[in-house]
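Every value quoted in this text rests on a predicted model; they were computed, and no experiment measured them. Sequential numbering from 1 along the given sequence is applied to the chain's residues.
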Amino acid sequence: MRTPGGPISSEPRINDRIRVPEVRLVGPEGEQVGIVPIGKALDLAAESDLDLVEVAPMARPPVCKLMDYGKFKYESAQKAREARKNQALTVIKEMKLRPKIDSHDYETKKGHVERFLKAGDKVKITIMFRGREQSRPELGFRLLQRLAEDITELGFVESSPKQDGRNMVMVVAPHRSTKPQRIGRPADAAAPAAPEPTV
């Protein structure tokens, strides 16, 4: 069932779709023409070979501007496309740790978190509790605090540690000044070197 007035459109009303007795008219260069009857505004648009576009429908009277609407839409779409292109795509990586992690494993995991932050990605760090460990949440909290302090130069805690069922979760994000470093592994480091043949 259609609602009275038809579906809501995000497009501005233009030309004869503007149904008000008078409008506050703005010229094509942004100059103020003043309040004019809608008929006169439409005549001025036709004479200038431009469209009458409602730019502030909630004003009293509504504000309309003379412009080439097709060109305006095209330029707006181009700007939106550029903005999307320049927007950095944030990826959330996940790192899982146990509350009683040994120091070697901790250093390895911390290295991964640092690498993700350097690449400009957020990291969700999950502490997994098993069995009786669930009665010692402070172990996970202390571990997350330690990790947050260790990576403070590269990132900050965006979401503080919180219990989520059997897990405790914290999210860290890179500092805004961190420029993503998308570095692939060198070809010679991708695979271990073959052993030299013995003679």
Side-chain angles (χ1 to χ4, degrees), residues 1-95 113 115-126 148 151-165 169-184:
M1 179 179 163
R2 289 181 59 146
T3 53
I8 296 169
S9 170
S10 58
E11 296 278 312
R13 291 189 297 184
I14 64 169
N15 301 326
D16 56 5
R17 284 172 50 207
I18 303 168
R19 303 218 171 111
V20 290
E22 58 184 18
V23 296
R24 184 178 296 279
L25 188 62
V26 179
E29 303 303 320
E31 68 277 15
Q32 295 290 330
V33 177
I35 295 174
V36 298
I38 187 66
K40 185 179 177 188
L42 287 167
D43 288 344
L44 287 169
E47 285 167 21
S48 314
D49 200 23
L50 293 169
D51 297 299
L52 183 67
V53 181
E54 192 178 50
V55 291
M58 302 311 289
R60 288 288 173 267
V63 179
C64 292
K65 186 174 181 183
L66 296 171
M67 66 170 82
D68 181 337
Y69 186 58
K71 183 180 174 188
F72 168 76
K73 274 189 77 171
Y74 174 76
E75 287 173 354
S76 298
Q78 289 286 91
K79 282 179 192 167
R81 201 173 295 124
E82 279 300 310
R84 279 197 300 273
K85 200 187 296 177
N86 295 333
Q87 196 175 28
L89 183 66
T90 303
V91 177
I92 297 186
K93 303 285 189 179
E94 185 166 17
M95 184 58 56
V113 172
R115 186 160 49 83
F116 293 146
L117 291 170
K118 283 178 187 172
D121 298 327
K122 291 184 183 183
V123 189
K124 177 183 173 186
I125 299 150
T126 304
I151 55 93
T152 191
E153 286 183 18
L154 295 170
F156 64 95
V157 176
E158 186 181 75
S159 174
S160 300
K162 52 178 172 279
Q163 196 80 25
D164 179 16
V169 177
M170 175 177 83
V171 177
V172 293
H175 293 305
R176 289 190 187 277
S177 56
T178 307
K179 289 192 177 166
Q181 297 175 2
R182 302 284 182 192
I183 304 169

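- The side chain to side chain donor-acceptor pair (under 3.5 Å) check on S48 picks up nothing, with sequence neighbours excluded.
- The nearest pair of heavy atoms linking D121 to P174 is O-CD, 3.5 Å.
- Residues forming a side chain to side chain donor-acceptor pair (under 3.5 Å) with E94 (at least two apart in sequence, or on another chain): T126.
- Minimum interatomic distance between A148 and M170 (heavy atoms only, all atoms of both residues): CB-CE, 4.2 Å.
- Under the ring pair (Phe, Tyr, Trp, His ring centres under 6.0 Å) criterion, F156 pairs with H175, not counting sequence neighbours.
- Legend: residues meeting side chain to side chain contact (heavy atoms under 4.5 Å, CB included) with A46, ordered by chain and number and at least two apart, are absent.
- With sequence neighbours excluded, no residue forms a side chain to side chain contact (heavy atoms under 4.5 Å, CB included) with T152.
- By the salt bridge (charged side-chain N to carboxylate O under 4.0 Å, His left out) test, R13 pairs with E54, sequence neighbours left out.
- For E158, the salt bridge (charged side-chain N to carboxylate O under 4.0 Å, His left out) test picks out K122, with sequence neighbours left out.
- Within the 4.5 Å cutoff, no side-chain heavy atoms of K124 are placed close to those of V172.
- S159 pairs by the side chain to side chain donor-acceptor pair (under 3.5 Å) definition with K162, not counting sequence neighbours.
- For Y69, the OH atom counts as densely surrounded, since its 6.0 Å shell holds more than 12 non-hydrogen atoms of other residues, nucleotides or ligands.
- Within the structure, salt bridge (Lys or Arg N to Asp or Glu O under 4.0 Å) pairs that include any residue of residues 24-52 do not occur (at least two apart or interchain).
- For residues 56-72, no pair satisfies salt bridge (Lys or Arg N to Asp or Glu O under 4.0 Å), with sequence neighbours left out.
- Residues I18 and V23 approach most closely at CG2-CG1, 4.4 Å, considering heavy atoms.
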